[in-house]
Amino acid sequence: MPPDDVTRRQDVSTAADLVPYLGEERWLALLEPFSAVVFGVLDDESRVVRTNRGFDALLGRGDDTSPDERLASRFVQPTFADLRDAEPDEKAATFRGILTVLDERGRSHSVNGVALRFDTVVIVLAEHDVAEYRTMFEEMLELNEELSQTHRELIRAQRELKRQRDLLEHESTTDELTGLRNRRFLMERMGDEIARAERRDVPLTVVAFDIDTFKAVNDTFGHAAGDDALKAVADVFRTESRAYDVVGRMGGDEFIAVLPDTALDDAVALAERLCAGVRDVELSSVPRGLTASFGVAARRSGDDLHGLLRRADRALYRAKRAGRNRVHAFAGEDDAEADT
């Protein structure tokens, strides 16, 4: 048991030196809540007598029923036998210095401590290396900053990848000269809109149009003037069409507008505005001015992509044959048959 002589306080120079004078119970009551301080009382077989929170967190409590699982196996350097069997000094200490121990998962830890031998018990009192923990904390902060930086770089890379993917998608579906959608996009979108209109039983209209006597524009004023004409007409379509309309260049001077949820009369009205807009175009490279012809066809039940486009092309042909610079719409079967 701890000595009763409490007059030799001149021998006390560290916290561990107080153990013989304060006794096990008072130490445990004082240190039980702390995690940074390790305090444990073990018997000769390394079975737990009393421990505080710091001891349990570092070494666990072992298995008192199995000698192989007792805490003796957790003491690496020095061993539990060394702590128990060494000759104690005048302050009952059998060891002072760095204790290397294993936690319940087998990971190694080093703590600065002292072992004291009283009768049939060994008291272990230790503290974590605050400087080591500070270094570890700083390293963790540095690692966290590196991870954050890596995360930020990854986000930037993902954004750039998305931007490049969107750019490639845009380039693959856009007509380079006019900035309108290209034939590939138009055909895919028209197929989707026909399926949606059929499924929901809603109207869908297609407008086919081209620039009147476009070959003469190229032959008379040159291909640069022809490009100016195509871009100017594309600007008219962008201005007059609605946000959900899909307008694109099929090739040459041929264009298509896909008008979802639009009845035939409304599509004709839009085509008339487009026709008037083309007439208003003024180009120094094409002094004679421009006109365009339009053919309008509404979806019928059971229509496929090619059937709807074929009727729109026939309506466009009728507009051309009637004198150009106008809109023609197929209103029913009789009109379609008349152009066959």
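In this text, all values refer to a predicted model and were calculated from it rather than measured experimentally. Basis for what follows: all heavy atoms, side chains included, without hydrogens, waters or symmetry-related copies. All residue numbers refer to positions in the sequence shown, counting from 1.
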From CA spacing to verdict: side chain to side chain contact (heavy atoms under 4.5 Å, CB included), L125, V37:
CA-CA 8 Å; L125 178 64; V37 178; 4.1 Å; yes
Apply salt bridge (charged side-chain N to carboxylate O under 4.0 Å, His left out) to the pair R53 and D56, showing each step before the final yes or no.
CA-CA 5 Å; R53 187 175 301 173; D56 295 341; over 6 Å; no
Salt bridge (charged side-chain N to carboxylate O under 4.0 Å, His left out) assessment of R242 paired with D245
CA-CA 5 Å; R242 301 159 301 184; D245 296 333; 2.8 Å; yes
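In terms of modelled atom types and a separation under 3.5 Å, the side chain of R50 and the main chain of V41 share no donor-acceptor contact. Checked by atom type and distance alone, the side chain of R318 never pairs as donor or acceptor with a backbone atom of G295 at under 3.5 Å. Proximity of a side-chain donor or acceptor of D43 to a complementary backbone N or O of R47 within less than 3.5 Å is detected. Side-chain N or O atoms of T94 include one that pairs as donor or acceptor with a backbone N or O of L83 at under 3.5 Å. Between the side chain of D82 and the main chain of T79, a donor-acceptor pair closer than 3.5 Å is present.
Environment of CD in E146: crowded, with over 12 heavy atoms of neighbouring residues, nucleotides or ligands closer than 6.0 Å.
The shortest side-chain heavy-atom distance between E188 and T173 does not fall under the 4.5 Å cut-off.
Each of Q164, K162, R156 was scored for a side-chain hydrogen bond (donor to acceptor under 3.5 Å, both in side chains) with E160, with one residue passing: Q164.
Taking the charged nitrogens against the carboxylate oxygens, R326 and D212 have no contact shorter than 4.0 Å, which rules out a salt bridge. Electrostatic pairing of R249 and E176 does not count as a salt bridge here, judged by no charged N lying under 4.0 Å from a carboxylate O.
Listed by first then second residue, pairs satisfying side chain to side chain donor-acceptor pair (under 3.5 Å) with a partner in residues 264-275 number zero, not counting sequence neighbours. Residue pairs meeting the salt bridge (charged side-chain N to carboxylate O under 4.0 Å, His left out) criterion with at least one partner in residues 200-210, sequence neighbours excluded, are D210-K320.
Linking ILVMFWY residues whenever their side-chain heavy atoms come closer than 4.5 Å, directly or via other members, leaves V48 and L102 in distinct clusters.
L143 belongs to a hydrophobic cluster whose other members, connected by ILVMFWY side-chain contacts under 4.5 Å either directly or through intermediates, are L147. Grouped with V258 in one hydrophobic cluster are F185, L186, M187, M190, I194, L204, V206, V246, M250, I256, L305, L308, L309, the linkage being side-chain heavy-atom contacts under 4.5 Å among Ile, Leu, Val, Met, Phe, Trp and Tyr residues.
Residues satisfying the side chain to side chain donor-acceptor pair (under 3.5 Å) test with E198, not counting sequence neighbours, are R299. D313 is linked by a side chain to side chain donor-acceptor pair (under 3.5 Å) to nothing, counting only residues two or more places apart in sequence or in another chain. When the side-chain contact (heavy atoms from CB on, under 4.5 Å) test is applied to S172, the partners found at least two apart in sequence or on another chain are E169, R184. Legend: residues meeting salt bridge (charged side-chain N to carboxylate O under 4.0 Å, His left out) with R189, ordered by chain and number and at least two apart, are E193. Residues meeting the side chain to side chain donor-acceptor pair (under 3.5 Å) test with T120, sequence neighbours left out: none. The ring pair (Phe, Tyr, Trp, His ring centres under 6.0 Å) search around F80 returns F75, not counting sequence neighbours. Among residues two or more places apart in sequence or in another chain, the side chain to side chain donor-acceptor pair (under 3.5 Å) test is passed with R183 by none.
Annotation for A267 and T262: closest pair N-CG2, 3.7 Å, computed over non-hydrogen atoms.
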Expected list for residues 218-232: side-chain donor-acceptor pairs under 3.5 angstrom, two or more places apart:
{"unit_1": "D219", "atom_1": "OD2", "unit_2": "K215", "atom_2": "NZ", "d": "2.8"}
{"unit_1": "T220", "atom_1": "OG1", "unit_2": "A216", "atom_2": "O", "d": "2.8"}
{"unit_1": "D228", "atom_1": "OD2", "unit_2": "S285", "atom_2": "OG", "d": "3.0"}

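Side-chain contact annotation: E153 with Q149, donor-acceptor N/O pair under 3.5 Å present.
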